[in-house]
Amino acid sequence: LKCFQAMGTSGFLDLEGGLAQRALLWLSSMEVFRCRELCKTLEMALESDAGLLDLWRHVLEKTSQGSCIGSHSSTALWLHGLLMAGDIARYADQARRFKVLGNLSFQDAAEVKQLGTSCQTLSFAEPTGSFFIGCGYFNLGDVQRLLSGQSNSVRSQPFCLGWRSSELWLNVRLRLTNAPAIGAGAFLVMLEAEFLGEFFIEELDCVELLVSGGCLVPSSLILDDPDREVTWLWREVLPQRGGTWELGTPSQNELSRSSPGVISQSDPIFQLLLRGLPVTVAFRILLLSMGEE
């Protein structure tokens with residue numbers, strides 16, 4: 001560190017062709033930020049030098065081979081190859097109420113920023129409940145059968161969540177279903193939850209459940225072209241109330257093509273799924289027992 005301080009910022013950036021910066025890249029973003037507190041020169045480079053971010057992006061593009069260049073899990077935030085320090089801090093603050101389920105992978109800075117904005121909007125609009133972010137993975141064959149009319153619905157792999165010190169468990173899934181009452185080629189996107197285990201009817205009668213949220217999709221699927229800017233959209237999905245999804249709440253006849261949760265066969269969400277990519281989902285669960293959360 002004394003060597004870095006003596007060299008100044010430019011010397012730090014020139015050290016062994018960027019050896020120090022390349023080493024920092026593979027630390028988590030939080031660890032990198034802690035390192036900058038040890039050295040003023042390093043702090044200046046991380047805070048103000050866009051060239052450092054360009055270097056990290058260049059290294060990642062050469063080594064990732066199409067995989068993620070940013071990630072967020074329950075144990076680590078690794079985004080300094082995508083965003084400057086201020087943007088990472090902003091995202092961490094926006095998503096602070098959300099528990100990450102599994103690992104979120106990012107290939108685009110705009111996706112991270114839109115997810116942070118969407119998380120903040122969802123948590124501000126619904127101040128109570130528990131909040132989660134995860135990736136919804138679908139079976140490719142199931143999606144193909146849905147689009148070809150061979151099946152009526154398809155569900156993502158479940159998020160398994162526990163309450164009451166793991167006495168009560170829920171499986172939460174993203175579900176896509178055909179909606180012919182709305183029109184040809186119309187589909188519904190909804191959140192679906194089911195209780196796991198055996199319960200007395202009297203117990204379930206005392207439980208009220210609301211699952212609401214949305215998913216993140218690109219406005220158009222141009223992720224293969226790094227020179228094209230991708231715009232990411234927050235897609236509100238149909239919520240679930242009670243213990244099971246009931247088609248009469250709301251019924252397809254009460255929805256139109258412009259209603260939240262209604263998509264067409266050409267929607268980017270299907271383009272993602274047909275390429276084997278997951279859908280990032282952010283959702284809120286409000287679980288009440290005898291009227292208390």
Side-chain angles (χ1 to χ4, degrees), residues 66 68 101-102 104-108 110-112 114-115 117-118 121-122 132-159 171-194 211-226 228-241 244-283:
C68 75
L101 305 172
L104 303 178
S105 299
F106 303 105
Q107 291 182 311
D108 183 76
E111 181 182 10
V112 183
Q114 181 58 60
L115 178 59
T117 299
S118 301
T121 301
L122 180 60
F132 304 91
I133 319 173
C135 287
Y137 289 89
F138 288 78
N139 179 277
L140 177 58
D142 291 343
V143 175
Q144 292 172 333
R145 283 187 286 274
L146 173 66
L147 292 174
S148 65
Q150 299 178 51
S151 67
N152 292 324
S153 66
V154 59
R155 294 171 173 84
S156 70
Q157 295 178 10
F159 303 109
N171 263 353
V172 180
R173 304 172 189 260
L174 193 63
R175 177 182 173 186
L176 302 170
T177 186
N178 189 18
I182 298 176
F187 296 86
L188 298 180
V189 188
M190 63 187 72
L191 285 162
E192 179 182 78
E194 62 177 347
V211 186
S212 59
C215 57
L216 209 61
V217 297
S219 57
S220 58
L221 203 62
I222 51 177
L223 299 177
D224 288 336
D225 186 352
R228 296 280 299 277
E229 182 176 351
V230 181
T231 300
W232 290 83
L233 306 174
W234 172 249
R235 174 71 49 72
E236 184 180 351
V237 302
L238 289 173
Q240 179 183 4
R241 294 178 175 86
T244 57
W245 172 259
E246 298 179 0
L247 290 178
T249 316
S251 71
Q252 295 184 17
N253 293 327
E254 296 173 336
L255 301 172
S256 68
R257 290 189 179 273
S258 61
S259 299
V262 179
I263 63 173
S264 67
Q265 189 166 344
S266 61
D267 193 273
I269 191 172
F270 284 120
Q271 298 180 48
L272 284 174
L273 298 181
L274 288 173
R275 296 176 55 180
L277 298 174
V279 179
T280 301
V281 186
F283 58 95

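Just so we're clear, the structure is a prediction, and the values are computed from it rather than from any experiment.
- Remark: the backbone N or O of Gly185 is not paired with any side-chain donor or acceptor of Ser264 at under 3.5 angstrom.
- Thr177 OG1 to Arg175 CZ: the interatomic distance, rounded to the nearest 0.5 Å, is 4.5 Å.
- Residue Leu274 comes nearest to Gln144 through the heavy atom pair CD2-CG, 3.9 Å, listed as atom of the first residue, atom of the second, then distance.
- Among Leu101, Leu115, Val281, the one residue that satisfies the side chain to side chain contact (heavy atoms under 4.5 Å, CB included) test with Ile133 is Leu115.
- Screening Phe283, Tyr137, Phe132 for a ring pair (Phe, Tyr, Trp, His ring centres under 6.0 Å) with Phe159, the sole residue that qualifies is Phe283.
- Annotation: side chain of Ile269 is in contact with side chain of Ile263 (closest heavy-atom distance under 4.5 Å).
- Note on Arg155 versus Asp142: no salt bridge recorded, every NZ/NE/NH1/NH2 to OD/OE distance being 4.0 Å or above.
- Between the side chain of Ser156 and the main chain of Leu174, a donor-acceptor pair closer than 3.5 Å is present.
- Checked options Gln157, Glu194, Gln240; the residue passing with Arg173 is Glu194 (criterion: side chain to side chain contact (heavy atoms under 4.5 Å, CB included)).
- Between the side chains of Gln114 and Ser118, a donor-acceptor pair is found at a separation under 3.5 Å.
- Residues Pro218 and Leu272 come closest through the heavy atom pair CD-CD1, 3.7 Å.
- Side chains of Val237 and Cys215 form a contact here, defined as non-hydrogen atoms less than 4.5 Å apart.
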